[in-house]
Protein chains: 2
Amino acid sequence: MVPMNLLSADATADYLVTGVWSTKAADEAKKIGKVHIAATTKAEQFTRIPRAEEIVLSRGAAYVHMTSNNTIYGTQWKTLPDVGDTPLVSDTSSDMFSRPIDVARHALIYAGAQKNMGPAGVTVVIIRDDLLARSAASLPVMLSYAVHAENRSLYNTPPVFAIYMLGLVSRWLIGQGGLDGIAAVNERKAGKLYAEIDRSGFYRGTAQTESRSLMNVTFRLPSEELEKQFIKDAENAGLDGLKGHRSVGGIRASIYNAFPEAGVDALAHFMREFERRHG
Amino acid sequence: MVPMNLLSADATADYLVTGVWSTKAADEAKKIGKVHIAATTKAEQFTRIPRAEEIVLSRGAAYVHMTSNNTIYGTQWKTLPDVGDTPLVSDTSSDMFSRPIDVARHALIYAGAQKNMGPAGVTVVIIRDDLLARSAASLPVMLSYAVHAENRSLYNTPPVFAIYMLGLVSRWLIGQGGLDGIAAVNERKAGKLYAEIDRSGFYRGTAQTESRSLMNVTFRLPSEELEKQFIKDAENAGLDGLKGHRSVGGIRASIYNAFPEAGVDALAHFMREFERRHG
């Protein structure tokens with residue numbers, strides 16, 4: 001919906017390409033207008049977020065698009081890129097509600113609920129008022145941000161159950177000390193796993209240190225055989241879902257808000273034991 | 001999505017306009033291609049479904065679109081229109097799973113789940129294989145029937161809870177004797193209310209007899225004052241939601257699958273008592 005509403009055939013949008021989701025987003029935008037890749041770390045297998053000096057914005061871009069957290073590569077933006085007056089659009093699907101974000105520096109934030117906010121089937125969109133004027137009247141009504149905004153998200157029958165769940169999760173979050181509270185928990189959780197990775201040379205984190213994600217901790221073992229063994233032994237120990245995305249292999253621990261700290265402790269313990277036996 | 005996938009700028013789609021939803025559907029199609037209104041009963045305030053001889057199809061239409069049940073006007077197609085070889089597309093959102101339908105005579109059926117099938121937030125689409133070839137590669141992936149079909153509806157993370165609920169409702173339906181079983185219940189339920197309407201001149205059905213909906217029973221009272229009194233007294237008797245849509249006024253009893261027959265009996269009883277006091 002972002003390019004359909006904010007881009008036109010002769011305009012250019014800047015994309016910060018840091019993984020699979022931002023690549024797909026850029027591909028979709030090409031169907032609507034021109035796309036300029038303002039920065040990408042593809043040549044380094046997306047193991048890090050671009051540095052500020054690597055970002056080359058185009059003049060008069062319709063917007064700059066970024067993906068705040070890259071689930072497959074285990075990287076995450078730590079600070080927002082400086083895009084000047086160009087509207088910053090961020091897909092925060094995989095880290096929304098995991099830490100405070102500076103909403104005011106964004107022109108549009110969108111996030112599918114299914115990682116930290118609620119069940120799959122609802123997307124949260126925060127859009128700056130002035131951008132609504134860009135939604136062409138020729139757009140299908142269901143795809144127009146302006147129509148949804150005018151109708152206070154009630155143009156159609158919304159997914160009421162998913163929204164209700166999102167409300168319950170939000171209340172739970174407030175009880176956890178809000179975004180500051182959960183961010184502290186998430187830093188502690190991720191920190192425990194990165195500490196195991198850094199403790200010796202046995203595990204090797206795939207994301208470069210300064211770009212490490214608090215949501216998805218990705219690492220390799222000395223061999224693919226050991227990785228298979230690790231995944232198998234972990235499952236026997238009750239630790240599921242550790243296989244990395246099929247496109248990159250390795251190990252991935254996804255530790256979204258709902259994943260308990262005790263589970264992280266169990267995994268850290270398992271990692272130490274596994275290294276002791278196989279290191 | 002129907003016009004985006006099946007229509008093109010220089011092609012024509014035929015629309016059977018029988019109420020608010022089919023009017024909106026035709027308006028959306030106009031954004032993509034040409035629209036021919038093959039029949040409409042707008043001049044009669046949508047109080048009936050067009051008769052077979054009133055339908056004038058255009059030559060070589062991309063498809064014919066109909067809305068099987070009109071929630072606001074309380075009308076419903078009793079037999080499918082004869083459209084020859086033109087693909088028949090039906091929005092069955094408000095009566096899907098309420099009665100058997102001849103799937104083979106359709107080229108595409110779509111239905112939001114929220115009336116008879118499950119919670120809001122998922123739409124069921126049944127599409128004939130040959131139509132998938134019409135989805136242009138230039139379409140946004142999320143709006144392409146071909147992409148969803150190729151990926152067995154798993155291109156994106158689907159609304160899993162809504163789908164799970166739809167599965168539970170389907171099992172419940174099988175326990176009710178399937179679509180034949182629930183159709184008999186729905187005919188009996190609607191029949192009881194239409195019998196009250198037809199018993200005397202006090203209540204006046206707004207839909208013409210041959211087009212009466214089994215899902216939405218709409219009627220008027222001798223005056224708007226009496227209608228207000230009816231709605232108020234009904235609420236006091238525990239019968240909620242009887243106010244007609246604000247665009248047409250009057251009374252509307254929506255008796256989808258989930259509405260119990262005992263509720264219909266209570267309403268029929270209330271109607272008799274109200275007429276006795278005010279008739």
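Note on naming: letters A, B, ... go to the chains in the order of the sequence lines (proteins, then strands), and numbering restarts at 1 for each one.
Counting heavy-atom pairs under 4.5 Å between each of A/I163, A/I32, A/L143 and chain B puts A/L143 at the top.
No side-chain N or O of A/N186 forms a donor-acceptor pair with one of A/S98 less than 3.5 Å apart. Between A/T206 and A/T218, the side chains place a donor N or O and an acceptor N or O closer than 3.5 Å (distance only, hydrogens not considered). Checked by atom type, the side-chain pair A/Y256/A/N216 shows a donor-acceptor distance below 3.5 Å. Of the N and O atoms on the side chains of A/N151 and A/S153, not one donor lies less than 3.5 Å from an acceptor on the other residue.
Only the side chain of B/M4 comes within contact range of chain A, with heavy atoms under 4.5 Å apart. Heavy atoms of A/L139 lying under 4.5 Å from chain B belong exclusively to its backbone. Contact of A/P158 with chain B is made through the backbone alone, with heavy-atom distances under 4.5 Å. A/M165 does not touch chain B: none of its heavy atoms, backbone or side chain, sits under 4.5 Å away. Of the two parts of A/A137, only the backbone, made up of N, CA, C and O, holds a non-hydrogen atom closer than 4.5 Å to a non-hydrogen atom of chain B.
B/L242 places a side-chain heavy atom less than 4.5 Å from the side chain of B/L239.
Ring geometry, A/H148 versus A/Y155: the interplanar angle exceeds 60°, so the pair is classed perpendicular (tilted spans 30 to 60°). Between A/H65 and A/Y110, the ring planes are tilted. Angles from 30° to 60° get that label.
At a threshold of 4.0 Å, the pair B/K24-B/D27 does not count as salt-bridged, since none of the basic side-chain nitrogens sits closer than that to a carboxylate oxygen.
Residues from residues 117-135 of chain B that place a non-hydrogen atom less than 4.5 Å from a non-hydrogen atom of chain A comprise B/A120, B/G121, given in numerical order.
With sequence neighbours left out, B/R99 forms a salt bridge (charged side-chain N to carboxylate O under 4.0 Å, His left out) with B/D95.
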